[in-house]
Peer 1: 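This is the structure I have questions about; it appears just below.
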Protein chains: 2
Amino acid sequence: MTRRTRGTSAGLDRARIAAAAVALVDRDGLDRFGVRRLADDLGVDPMSIYHHIKGKAALLDAVSEAVIAEMEAGAEEWPDDWEQVARRTAHDYRRMAYRHPRVFPLLATRPQSSPAALAAVERLVAAMRRAGLPDQVTADAPTTLFGFLNGYLLAVLSGGPGGPADPPAIDAAAYPTMAALAPLQSGFGSPAEFDRLLGTVLSGIRHQAAR
Amino acid sequence: MTRRTRGTSAGLDRARIAAAAVALVDRDGLDRFGVRRLADDLGVDPMSIYHHIKGKAALLDAVSEAVIAEMEAGAEEWPDDWEQVARRTAHDYRRMAYRHPRVFPLLATRPQSSPAALAAVERLVAAMRRAGLPDQVTADAPTTLFGFLNGYLLAVLSGGPGGPADPPAIDAAAYPTMAALAPLQSGFGSPAEFDRLLGTVLSGIRHQAAR
DNA sequence: TTCTCAAACCTACGCCGTAGATTTCACCTA
DNA sequence: TAGGTGAAATCTACGGCGTAGGTTTGAGAA
């Protein structure tokens, strides 16, 4: 792609830049992400990007916002039952994380305040309140749930883009119990494991509500 | 500090370098961390560091390892009850995270395989097995617990070194339930909140075991 | 037609990580 | 004691980075 001459439009805007940035991080990872590489992908001078987005940090904000917004595209019908809302939100979040494993650390590290993120939380707490759960339990639930989701998905995705890294062999002499349990860890990163652990967290919330 | 002439010892070794690196990240943050700045702190040529540690990535590995190792310093007496083991491990982990808030993202992002980390997990699963919990629940517990701890602490510490950022005002029209619950979020990052959420996760594990 | 201004480009600066060559000195062996 | 050896540290250099500041261009308003 050849450069435009000065003054002619390159058709840049925030959305197009963000989409290209997501694609670049997906392809090369966060370490290799940079303004110059992004400009290359866009067929544009690096400094042109600065007319739409203030700097590298704002660029990364745009990336995480774009990726969160993907979650919102889907059915608009949500169940009444808060546990179903939580499960579906969690699964949507997981799918998004697997679609963009190299973007995900960005989400887990920065506080999320985009409309899509806030809408998901509002949906969950509204359903919990409708169900008559205690206010403190309801207020804590998103922090607990997304805390778990972020930490767990970070661990599962840290092995690379394809899926989780298989854990290294365990020294059976030093860590006998871990070694004995190793066969049960075989599904690390699997949907079944995710469902199991999610169920554990949700049952914790359910039982706090019942006390 | 003046440079040594070539060949004279600067007293560098892996431990001294790691300690200086931890101090540098604590002071300036991960973004500002670099080999050249670290060398400045040590009063040493940047390339001298490479004789002891292979590169920047290995340097960051050494940082996270050093910080995890801090946790191990403490009483060697551990209770039998698995929930007490889990609570104490979690609180030790939290204290470490608050001591090094700018290092913490490193721990949550990379898989941990240092002896100190493995020892903590072995302690927990051994206690659970002794208590006769089902093997699958025991095998899942560290993943669930550290998933939550990593994600939650990441969120709480992302506001900066001192403590959590107070959340921005909520648009009451768009997110009425969140706005109504906002007063209950006031303790974000507090020990009381941590205890509450930790209790939720542990009760989830307890109830999975009872099924 | 002339003016204005946003969009894009160009140049340059000071950083960064690190490969490769070089210097120096402590210690071992004869 | 003389000479050899290897580890520790330094020096030099390269390509890449983020971005500040200045310049060019052309589209549309006046």
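We use all heavy atoms of the structure for the numbers below, so side chains are in, but hydrogens, waters and symmetry mates are not. Just so we're on the same page: letters track the sequence lines, and every chain starts at 1.
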Peer 1: Could you give the CZ-to-C1' distance, from Arg32(A) to dG15(D), as a whole number of Å?
Peer 2: 12 Å

Peer 1: Using atom CG of Asp31(A) as one end and atom P of dC17(D) as the other, report the distance to the nearest whole Å.
Peer 2: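 Result: 13 Å.
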
Peer 1: Hey, what's the ring geometry for Phe194(A) with Tyr152(A), parallel, tilted or perpendicular (30° and 60° as the breaks)?
Peer 2: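 It falls in the tilted class, 30° to 60°.
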
Peer 1: Tell me whether Thr109(B) contacts the main-chain N or O of Leu106(B) through its side chain, where contact means a donor paired with an acceptor under 3.5 Å.
Peer 2: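 The answer is no, because no donor-acceptor pair under 3.5 Å joins these two groups.
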
Peer 1: Atom NZ of Lys54(B) to atom C1' of dG17(C): distance rounded to whole Å?
Peer 2: 16 Å

Peer 1: Nearest whole angstrom, please: distance from the C1' of dT18(C) to the CG of Leu60(B).
Peer 2: 15 Å

Peer 1: Only one of Arg27(A), Arg36(A), Arg16(A) clears salt bridge (charged side-chain N to carboxylate O under 4.0 Å, His left out) with Asp41(A); which?
Peer 2: Arg27(A)

Peer 1: Quick one: Leu12(A) CG to dA7(C) P, roughly how many Å, whole number?
Peer 2: 10 Å

Peer 1: With a 4.0 Å limit, can you tell me whether Arg37(B) has a side-chain N or O closer than that to the phosphate oxygens OP1/OP2 of dC16(C)?
Peer 2: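 Result: yes.
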
Peer 1: How many whole angstroms separate atom CZ of Arg16(A) from atom P of dA8(C)?
Peer 2: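 It is 9 Å, rounded to the nearest whole Å.
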
Peer 1: Between Asp13(B) and Arg36(B), which residue's closest nucleotide on DNA chain D lies nearer the 5′ terminus?
Peer 2: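 The 5'-side residue here is Asp13(B).
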
Peer 1: Return the value, rounded to whole Å, for the distance between atom OH of Tyr50(B) and atom C1' of dC11(D).
Peer 2: 15 Å

Peer 1: Does the cation-pi check pass for Arg94(B) over Tyr98(B), that is, NZ or CZ under 6.0 Å from the six-membered ring centre and within 45° of its axis?
Peer 2: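 Yes, Arg94(B) and Tyr98(B) form such a contact.
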
Peer 1: Taking OP1 and OP2 of dA6(C), is either one under 4.0 Å from a side-chain nitrogen or oxygen of His52(A)?
Peer 2: no

Peer 1: Whole Å only: how far is the NE2 atom of His51(A) from the C1' atom of dG22(D)?
Peer 2: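 Those two atoms, NE2 and C1', are 11 Å apart.
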
